[in-house]
Amino acid sequence: METGYQNIHQPIIDRCLLGDRAAQYELYKLYSKAMYNTALRITGNQMDAEDVLQESFVNAFRKLKSYKGTASFGSWLKRIVVNNAINLVNKRRLEVEPLESHGVEEEPVEQQNDRDLTYDVAMVNQGIMLLPEGYRMVLSLYLLEGYDHKEIGEVLGITESTSKSQFNRSKKKLREILKEELKYAG
């Protein structure tokens, strides 16, 4: 198969395909931390993220024969993690607030002047965890996981314009959270 893509972990993946448990553990060690962080950003809950991580690796090892090597193994695995995390959140019946219920199609992008404010990574991560679920999911999928609004709409079952609006609202809410944290920190 000529894909032009060479997976650096293909020897480990090949051993996993043969049922080698040590290779499975090796692959788990290579990817578990990043995949846990992805699950945590979407679920917002450590226990849920751990459940998603475990379920995702079980699914990945079960479906490993379907991995074609046309993209990195990490990308393929991340798609499984994101789908499992979204499914878990959807099972909890927490819905993204639909724009249609407000009679608004799309909100304009607000330009904020936060140049005087300095945020560290830990503070931003903590702020993201304080966002309402719908906001956090859209923000995480767009900014951190690299999905576009059309893809987000498809996986969450919302319109592209709803995704854009939720993203704008999430940025505004995150700014408010971070300003509050700075107020109490300073």
Side-chain angles (χ1 to χ4, degrees), residues 28 31-60 63 74-112 114 117 119-185:
Y28 175 83
Y31 290 98
S32 62
K33 184 172 181 163
M35 297 305 136
Y36 170 80
N37 288 332
T38 295
L40 182 61
R41 286 191 296 264
I42 295 170
T43 64
N45 177 297
Q46 290 179 346
M47 288 177 43
D48 287 344
E50 290 169 4
D51 289 346
V52 166
L53 180 69
Q54 180 178 0
E55 180 183 345
S56 297
F57 271 97
V58 168
N59 291 348
K63 298 176 185 177
S75 296
W76 181 78
L77 181 59
K78 183 185 275 191
R79 181 67 90 177
I80 293 171
V81 170
V82 166
N83 287 336
N84 285 340
I86 290 169
N87 288 340
L88 181 92
V89 170
N90 285 340
K91 282 180 189 172
R92 290 187 293 193
R93 290 181 168 71
L94 295 174
E95 298 178 359
V96 175
E97 182 181 337
L99 276 176
E100 295 76 16
S101 68
H102 296 286
V104 178
E105 263 311 299
E106 191 170 331
E107 292 181 2
V109 176
E110 279 189 34
Q111 295 298 323
Q112 295 282 337
D114 287 343
L117 302 176
Y119 308 117
D120 64 22
V121 173
M123 185 184 293
V124 173
N125 283 334
Q126 184 178 10
I128 289 171
M129 289 302 149
L130 295 174
L131 288 171
E133 291 234 357
Y135 289 1
R136 187 182 61 251
M137 282 196 313
V138 171
L139 182 95
S140 295
L141 290 171
Y142 186 78
L143 278 184
L144 306 173
E145 307 306 332
Y147 285 61
D148 64 31
H149 289 293
K150 182 177 181 186
E151 292 171 318
I152 293 169
E154 289 170 3
V155 296
L156 295 180
I158 59 177
T159 65
E160 187 174 344
S161 63
T162 300
S163 176
K164 289 177 182 177
S165 176
Q166 290 291 82
F167 177 66
N168 287 329
R169 290 177 183 182
S170 68
K171 289 190 306 183
K172 182 179 179 184
K173 182 70 174 170
L174 183 57
R175 281 188 198 98
E176 291 171 7
I177 290 169
L178 293 174
K179 286 178 184 177
E180 281 297 309
E181 284 189 23
L182 279 179
K183 191 186 317 180
Y184 291 114

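The line from CE of Met137 to CG of Leu156 is 4.5 Å long, rounded to the nearest 0.5 Å. To the nearest 0.5 Å, atom CG of residue Leu88 and atom CG of residue Asp51 are 7.0 Å apart. Within the model, atoms CD of Gln166 and CD1 of Ile152 stand 10.5 Å from one another, a figure rounded to the nearest 0.5 Å. The line from CG of Leu139 to NZ of Lys171 is 9.0 Å long, rounded to the nearest 0.5 Å. For the atom pair CD of Glu145 and OG of Ser75, the computed distance is 10.5 Å after rounding to the nearest 0.5 Å. Between His149 atom NE2 and Ser161 atom OG the span is 10.5 Å, to the nearest 0.5 Å.
Side chain of Thr162 to main chain of Ile158: no donor-acceptor pair is present (N/O by atom type, distance under 3.5 Å, no hydrogens or angles). The closest donor-acceptor contact from the side chain of Ser32 to the backbone of Tyr28 lies under 3.5 Å. Side chain of Arg136 to backbone of Arg41: a donor-acceptor contact under 3.5 angstrom is found. A donor-acceptor contact shorter than 3.5 Å is absent between the side chain of Glu180 and the backbone of Ile177. Without hydrogens or angle criteria, Thr38 side chain to Ala34 main chain gives a donor-acceptor distance under 3.5 Å.
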**Report entry** Trace of the side-chain contact (heavy atoms from CB on, under 4.5 Å) decision for Asn84 with Leu53
**Finding:** CA-CA 9 Å; Asn84 285 340; Leu53 180 69; over 6 Å; no
Query raised in the report: How far apart are the C-alpha atoms of Tyr31 and Lys78, what are their side-chain angles, what is the distance that settles it, and do they pass the side-chain contact (heavy atoms from CB on, under 4.5 Å) test?
Result: CA-CA 9 Å; Tyr31 290 98; Lys78 183 185 275 191; over 6 Å; no
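When all heavy atoms of Leu77 and Met35 are compared, the pair lying nearest together is CD2-CG, 3.7 Å. Annotation for Ile128 and Ser140: closest pair CG2-OG, 4.2 Å, computed over non-hydrogen atoms. Closest non-hydrogen pair, Ala49 versus Thr43, comes out as N-OG1, 3.7 Å. The two residues Tyr36 and Glu50 have their closest heavy-atom pair at CE1-CG, 3.7 Å.
Proximity of Tyr135 to Leu174: side-chain heavy atoms (C-beta onward) are nowhere separated by under 4.5 Å. Here the side chains of Met129 and Asn125 are not in contact, with every heavy-atom distance at 4.5 Å or above. Between Lys172 and Glu176 the shortest side-chain heavy-atom distance falls below 4.5 Å.
Taking the six-membered ring where tryptophan is involved, the planes of Tyr142 and Phe167 are tilted, since the angle between them lies from 30° to 60°.
A side chain to side chain contact (heavy atoms under 4.5 Å, CB included) with Val81 holds for exactly one of Asn59, Ile86, Val52; it is Val52.
More than 12 heavy-atom neighbours from other residues, nucleotides or ligands sit within 6.0 angstrom of CD on Glu154. For Glu151, the CD atom sits in a packed shell: over 12 heavy atoms of surrounding residues, nucleotides or ligands are nearer than 6.0 Å.
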